[in-house]
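Down below is the structure, laid out as structure tokens.
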Amino acid sequence: MINNKFFIIGIFFFFLFFTSCGHINKWCGLEEYDLPYDKDAQIVLSNLADINHDLTSFKGLGKIRLYSNGNFLAYRIALAASGKESLRIEVLNPLGHPVISLSSNETALYFLSHGNNYTFKKLSRNTRFDKFIDVPISSNELIGILEARPYIYPHDIGILSKIDNGYVLTLKKKWKGIVQKIYLDETKSNLNKIEYFTNKKILYSVIFKKMENQDGYIVPTKVFILSDSGELEIEIYKLYINISIDESIFTLKPPG
């Protein structure tokens, strides 16, 4: 009798929970997931996937400016990328010599400080860089930003909405809510801003300040990456697209 009683009570609360969700969807976290996937959002996502789809590698020269905890740092940089995950950034001194090397590939993240020969290696794919630059961005996300081909977070639904200066594509995942927002111009083809979310809060945002045509590809030459812990500005003034790159440069070895 006791087992049957608890079984009946369990069934009662099971149905109570799911019928209540129909009336308090916001509390259940499912307020919009019973809607069909937005067809306009699907078209925009498809168009985003086509942007610079045959851009496979690049090298560039530029500057970075980092604002963190009231401090401001500015450096020249050289960078290279291949595929979706291999990235190398060289922070240079005024004479053009490397001060810091940061790289990643599909297996690890590497860091090398040339002043004291401090090295760091983490076996992980797409590790975030906030340990070094106070902005929680990963290699595949940064490559996508610099190629104007944003990394799309896993999601269950996309909604395209009209806003004052264009459109915003909102991507959501069940139980997690918003995971990403992509802001587009009136043509729905040019990027203005991206917001990446975690735990329903903005992890960081990207503002595309300047876009230019480089060898037939429309790519950003100035971007701002903003988070609660710091701000990073990247400016590219020389860019070489689809050139041959030795993949070994994305694996840093300790000096000596």
Side-chain angles (χ1 to χ4, degrees), residues 17-18 20-53 55 84-85 125-130 134-211 217-220 222-234:
F17 174 79
F18 282 101
S20 297
C21 277
H23 301 286
I24 50 174
N25 283 335
K26 186 175 182 180
W27 179 77
C28 293
L30 297 172
E31 62 269 23
E32 291 182 287
Y33 293 112
D34 57 338
L35 299 176
Y37 204 103
D38 190 324
K39 292 183 179 179
D40 290 332
Q42 287 181 317
I43 294 172
V44 169
L45 279 170
S46 178
N47 291 339
L48 287 174
D50 286 338
I51 294 177
N52 297 336
H53 67 277
L55 197 167
K84 296 181 179 180
E85 298 183 22
R125 298 183 70 174
N126 295 316
T127 303
R128 298 197 178 276
F129 294 155
D130 49 327
D134 289 334
V135 176
I137 190 169
S138 65
S139 57
N140 61 342
E141 293 166 358
L142 183 54
I143 291 171
I145 289 166
L146 295 176
E147 294 180 347
R149 186 173 50 184
Y151 174 77
I152 303 298
Y153 274 13
H155 60 280
D156 298 308
I157 190 170
I159 302 169
L160 186 68
S161 306
K162 183 72 177 71
I163 56 177
D164 288 342
N165 59 343
Y167 292 83
V168 58
L169 174 63
T170 302
L171 304 179
K172 298 184 178 184
K173 193 166 182 62
K174 291 181 179 179
W175 309 111
K176 288 186 177 181
I178 297 173
V179 294
Q180 190 172 13
K181 285 187 175 183
I182 301 173
Y183 296 81
L184 305 154
D185 67 358
E186 293 287 351
T187 68
K188 307 176 191 175
S189 58
N190 295 311
L191 295 166
N192 288 336
K193 180 180 177 181
I194 306 173
E195 294 173 341
Y196 295 90
F197 289 75
T198 183
N199 297 323
K200 299 182 180 180
K201 296 181 180 179
I202 295 178
L203 180 63
Y204 69 90
S205 58
V206 180
I207 300 173
F208 295 86
K209 295 293 290 185
K210 189 176 181 181
M211 307 285 283
Y217 298 90
I218 305 299
V219 293
K222 181 181 282 191
V223 296
F224 287 95
I225 304 172
L226 315 172
S227 72
D228 289 340
S229 54
E231 300 180 11
L232 179 66
E233 178 185 346
I234 302 176

Check whether any side-chain heavy atom of [X] sits under 4.5 Å from a side-chain heavy atom of [Y], and report yes or no.
X	Y	answer
Q180	I194	yes
K188	L160	yes
E147	H53	no
L191	L184	yes

Does N52 use its side chain to pair, donor to acceptor, with the backbone of I218 at less than 3.5 Å?
->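 Answer holds: yes.
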Separation of [Y] [atom2] from [X] [atom1] (nearest 0.5 Å):
X	Y	atom1	atom2	result
K193	F224	NZ	CZ	13.0 Å
I143	K84	CD1	NZ	10.5 Å
K176	N199	NZ	CG	8.5 Å
E195	I202	CD	CD1	4.0 Å

Restricting to non-hydrogen atoms, name the atom on [X] and the atom on [Y] that form the minimum distance, rounded to 0.1 Å.
X	Y	value
P220	I145	CG-O, 3.1 Å
H155	K172	CB-O, 3.4 Å
W175	K200	O-CE, 4.5 Å
L169	A41	CD1-CB, 3.4 Å

Kindly write out the residues that satisfy ring-ring contact (aromatic ring centres under 6.0 Å, His included) with Y204, not counting sequence neighbours, or none if the list is empty.
->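 By the ring-ring contact (aromatic ring centres under 6.0 Å, His included) rule, Y204 matches Y196.
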